[in-house]
Amino acid sequence: MSSEAKPMESSSQLSPGFLQSHVSPSSLHLPVCHRRDRSPSPSWGYLIPSPLPTRRTRTSSAAARAAQGPVFTGVCKCFSRSKGHGFITPSDGGSDIFVHISDIEGEYVPMEGDEVSYKVCSIPPKHEKVQAVEVNITQLAPGLKHETWSGTVISSE
């Protein structure tokens, strides 16, 4: 063998079928994905606003209108610290209200069953829906272990 490398053949010297694929698209099969049963998320079926409206992205005029508004009460339906949002069921009925983690006041992470007080602010861009702001836990749900934002766990009785 010589130490010289052979020059590569040009595409004009290759056989006509060499560049064509021997696999047709209809013969390709996608891998079978096994669907895993997951426990339903408490927020499944709810439309989460996109992008998420936070205290930081709220305009000062919207914050001022919310601060002057009435205080409502309700019960925390669900809240996910890892996702950063949840929903509140109003005491007077009606549809559940979205709450973002940036609007939670106080030292405890809300849990299902906690009684809360809140004000409302419209969600841009269409301002058709509202979200809870200035959310304060007024009564911890009895019998549950509550977590502070710093990670300390306490038991409420």
Side-chain angles (χ1 to χ4, degrees), residues 8 19-157:
M8 192 150 176
L19 295 177
Q20 294 177 354
S21 173
H22 295 295
V23 179
S24 68
S26 61
S27 67
L28 294 176
H29 297 287
L30 295 174
V32 177
C33 296
H34 297 285
R35 188 149 195 252
R36 191 176 81 186
D37 290 332
R38 297 182 181 188
S39 60
S41 169
S43 60
W44 187 79
Y46 290 97
L47 293 176
I48 307 299
S50 178
L52 287 176
T54 66
R55 178 180 286 187
R56 188 176 201 174
T57 60
R58 192 173 302 123
T59 63
S60 59
S61 60
R65 282 192 304 273
Q68 294 173 352
V71 176
F72 298 97
T73 59
V75 177
C76 180
K77 180 173 186 170
C78 62
F79 188 82
S80 172
R81 183 175 182 171
S82 61
K83 292 180 181 178
H85 65 267
F87 291 92
I88 295 173
T89 303
S91 297
D92 61 356
S95 60
D96 294 340
I97 297 176
F98 175 80
V99 60
H100 188 264
I101 195 170
S102 65
D103 292 309
I104 306 293
E105 308 286 337
E107 62 180 312
Y108 296 106
V109 178
M111 293 190 64
E112 182 179 343
D114 288 345
E115 294 178 19
V116 296
S117 65
Y118 59 94
K119 295 183 179 186
V120 294
C121 181
S122 61
I123 299 174
K126 295 183 179 180
H127 300 285
E128 294 173 347
K129 296 185 178 185
V130 294
Q131 77 177 83
V133 296
E134 298 182 26
V135 178
N136 290 300
I137 299 174
T138 55
Q139 179 68 41
L140 298 175
L144 296 177
K145 292 184 178 182
H146 282 76
E147 182 181 7
T148 63
W149 294 110
S150 63
T152 307
V153 177
I154 64 149
S155 178
S156 63
E157 304 267 340

Is any side-chain heavy atom of Val135 closer than 4.5 Å to a side-chain heavy atom of Ile88? yes

Scanning both residues in full, the closest heavy-atom pair of Tyr118 with Pro90 reads OH-CB, 3.5 Å

His100 vs Phe98 aromatic rings, parallel, tilted or perpendicular, using cut-offs 30° and 60°? tilted

Is the backbone N or O of Trp149 less than 3.5 Å from a side-chain atom of Arg81, with the two atoms forming a donor-acceptor pair by type? yes

Please tell me if the side chains of Lys119 and Val71 come closer than 4.5 Å, counting only heavy atoms from C-beta onward. yes

Leu144 versus Met111, closest heavy-atom pair with distance: CD1-CE, 4.3 Å

Out of curiosity, Cys76 SG to Gln139 CD, how far, rounded to the nearest 0.5 Å? 14.0 Å

Is there a side-chain contact between Phe79 and Ile101, using heavy atoms and a 4.5 Å cut-off? yes

Euclidean distance, Glu115 CD relative to Ile137 CD1, rounded to 0.5 Å: 11.0 Å

Value for OG (Ser122) from CD (Gln131), rounded to nearest 0.5 Å, stands at 8.5 Å

With heavy-atom distances below 4.5 Å as the criterion, would you say the side chains of Ile104 and Pro110 are in contact? yes

Which pair of heavy atoms, one from Ser117 and one from Thr138, lies closest together, and at what distance? OG-CG2, 3.7 Å

For a quick test of reading the model, state the closest non-hydrogen atom pair linking Lys77 to Thr89 and the distance between them. CB-OG1, 3.6 Å

Taking all heavy atoms of Ala141 and all of Asp114, pick out the closest pair and write down the distance. N-OD1, 2.7 Å

